[in-house]
**Student:** 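This is the structure I have questions about; it appears just below.
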Amino acid sequence: MSFLQEVGQWFLNPAHWQGTGGILNRLQEHVVMSLAATVTATLIGLPIGLALGHWGKGGGLAINVANVGRAIPSFAILVIAVQVVGIGATPAFLALVALAIPPIVTNSFVGMRDIDPELRDAARGLGMREKAVLLKVELPNAMPVVMAGIRTSGVQVVATATLAALVGWGGLGRYIVDGLANRDFVQVFAGAILVAVLSGLAENGLAALQKVLTPAGLRLRDQPLKSAAIRRGAPQAEPAS
Amino acid sequence: MLLVSGEPWIRWNWVGSHLGRIWDALLQHIVLTAIAIGVGILIAIPIGLLAWRYRRSRGAVLASTGALYTIPSLALFALLVPFTGLTTLTSEIGLVTYTLLILVRNIIVGLDGVPDEVRDAAVGMGYRPFRRLMALELPLALPVIMAGVRIATVTTIGLVTITALIGQGGLGSLILSGLIQGFPTPLVIGAFLSVALAVVADVSLNLFQRLITPWSRA
């Protein structure tokens, strides 16, 4: 029997779908953990980035923090979190939130700063109060870039949650980590397929959300390369670690 | 800050007695990163040039490198292990794959940024496409391409730590052994050195770029 047939058999085995170690439970753990971490990071990072962008202060700091963050391996963050709070779900959650915040802060800052200043002036000239300027003019215009940050973080979180299996937490990474430990490459491969499919779904789901939340008038400007931003050295998508 | 294990963050006598091992891990880390970036550049240049020259292929090239980029690294290594084993080759295939999106995208964006007037002037002076590319377009695109190389390098240094799980890892092997033994010293050293390596690489590549593109210093 070829290797890929064995992998097919692994998926067809009903025992692999049920119970604590079953695919359904591991998938649920992975999804719930990723959602919780991404939502928490958004609740923390978005107001900070929007406030910095609105007042135009501390941007250099925000971008530098994010760049240093890129250099710290997520693996190291996860392992250090375990040393501080012990093994299990809590260190995984804390490490994932810590990883997800920088891209959200940077992107919401850059999104707010990239808004044409004339729009802001026009809004004020029309008599809008600061709150209305922020919510009705700045936020909708910054939305594509803000959402790109949340999307980057979300995909990153799904990827890093895989590593959390190393620190005694569940999720789909268990199949890869346990399989590698037991030299059970069929299980390793099956787990990798599950993880890859889930991160693909996360990427596409967040891309769809980004599209829905982008005001219709801005959609035409949607371009895959964001050339100007890359040339100015703006942060790009983070690697899926 | 207290650690769960009650151990201090660093035991300097362990560091002193394991300098050789730490050095080897650092060297392996540098070699794994250098190979990945070198091979990544060699592959990305032709792909980037073709995708830039033939606009229609751009979407497909960026979508496929982007899709590979979304696969979590542990999963990508795990997908390769059954075929290429727990080897350096497995690590490098994965690491090179992740550099491609960044490098190809920056090559395209860099070449796109060459001003039309400059290109027209070269055409008017009788430059043929190949000479125009070598003498004009690539040098002018160099700052953006080098920015891509820097991002790819810093990213790869982080990803190398994960290859510890498939038996390589450089500094990641220190982190992993610290985790397995519940002994913080090697993992703190491994994490610190990999961040330091990323910063040093970023700064030196920046200096290198300034040296080779004196005209872009503003």
Side-chain angles (χ1 to χ4, degrees), chain A residues 3-4 7 67-68 70-80 82-87 155-156 158-163 165-167 172-173 175-177 179-180 183 185-186 188-189 191-196 198-200 202-203 224-227 230-231 233 235-241, chain B residues 1-5 7 9 58-59 62-63 66-67 69-79 81-83 86 98 101-102 105-106 108-110 112-113 143-144 147-148 151 154-162 164-166 172 175-176 178-179 184 187-188 190-191 194-195 198-199 202:
Chain A
F3 179 77
L4 291 177
V7 174
N67 277 339
V68 172
R70 198 204 303 273
I72 306 178
S74 44
F75 181 34
I77 295 183
L78 201 57
V79 171
I80 286 172
V82 173
Q83 301 299 315
V84 178
V85 288
I87 228 150
V155 174
Q156 171 93 344
V158 171
T160 311
T162 317
L163 289 175
L166 276 172
V167 298
L172 292 171
Y175 296 119
I176 301 179
V177 170
L180 281 172
R183 294 285 190 273
F185 292 142
V186 172
V188 169
F189 196 83
I193 291 176
L194 289 168
V195 170
L198 183 61
S199 42
E203 163 79 15
L225 277 173
K226 299 192 203 82
S227 309
I230 291 176
R231 234 175 273 128
Q236 303 173 31
E238 304 265 324
S241 53
Chain B
M1 201 184 300
L2 258 178
L3 297 182
V4 175
S5 51
E7 274 278 323
W9 283 97
R58 243 180 230 198
L62 288 171
Y69 200 73
T70 332
I71 304 175
S73 56
L74 183 55
L76 183 57
F77 293 131
L79 287 172
V81 160
F83 306 103
L86 300 172
Y98 286 117
L101 173 68
I102 305 170
R105 186 172 53 184
N106 278 50
I108 296 176
V109 172
D112 264 349
V144 182
I151 296 172
V154 171
T155 303
T156 304
I157 290 175
L159 287 170
V160 166
T161 58
I162 298 183
L165 291 166
I166 54 168
I175 301 179
L176 187 64
L179 174 71
L187 78 85
V188 170
S194 73
V195 174
V199 172
D202 193 49

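Reckoned from all heavy atoms, side chains included, excluding hydrogens, waters and symmetry mates. Within every chain, numbering begins at 1; the chains are lettered A, B, ... in the order of the sequence lines, protein sequences first and strands thereafter.
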**Student:** Any idea which heavy atoms bring Ala76(A) and Ile175(B) closest together, and the distance?
**Tutor:** CB-CD1, 4.1 Å
**Student:** Which bit of Phe3(A) is near chain B, if near means a heavy-atom gap under 4.5 Å: side chain, backbone, both or neither?
**Tutor:** side chain
**Student:** Testing the basics here: between Ser194(B) and Pro73(A), what is the closest heavy-atom pair and its distance to 0.1 Å?
**Tutor:** OG-CG, 3.3 Å
**Student:** Nearest 0.5 angstrom please: Ile80(A) CD1 to Leu187(B) CG, how far?
**Tutor:** 6.0 Å
**Student:** Contact part of Leu86(B) toward chain A, heavy-atom cut-off under 4.5 Å: side chain, backbone, both or neither?
**Tutor:** side chain
**Student:** Do you know which of Ala75(B), Ala198(B), Gly158(B) has the most heavy-atom pairs under 4.5 Å to chain A?
**Tutor:** Ala75(B)
**Student:** If you apply the rule side-chain contact (heavy atoms from CB on, under 4.5 Å), what do you find for Leu165(B) with Leu166(A), and how did you get there?
**Tutor:** CA-CA 10 Å; Leu165(B) 291 166; Leu166(A) 276 172; 3.5 Å; yes
**Student:** Leu176(B) and Phe75(A): which non-hydrogen atoms are nearest, and at how many Å?
**Tutor:** CD1-CZ, 4.0 Å
**Student:** Among Ile176(A), Val195(A), Leu198(A), Val158(A), which has the most heavy-atom pairs under 4.5 Å with chain B?
**Tutor:** Ile176(A)
**Student:** Kindly indicate whether the side chain of Phe77(B), heavy atoms from C-beta on, has any atom under 4.5 Å from the side chain of Val188(A).
**Tutor:** no
**Student:** Could you tell me which portion of Leu194(A) (side chain, backbone, both or neither) has an atom closer than 4.5 angstrom to a non-hydrogen atom of chain B?
**Tutor:** neither
**Student:** Where on Val186(A) is there a heavy atom nearer than 4.5 Å to chain B: the side chain, the backbone, both, or neither?
**Tutor:** neither
**Student:** Please name the pair of heavy atoms, one in Phe185(A) and one in Pro82(B), separated by the smallest distance, quoted to 0.1 Å.
**Tutor:** O-CG, 4.1 Å
**Student:** Which bit of Leu79(B) comes within less than 4.5 Å of chain A, counting heavy atoms only: side chain, backbone, both or neither?
**Tutor:** both
**Student:** Looking only at heavy atoms, which two atoms of Pro72(B) and Ala196(A) are closest? And how far apart?
**Tutor:** CD-CA, 4.4 Å
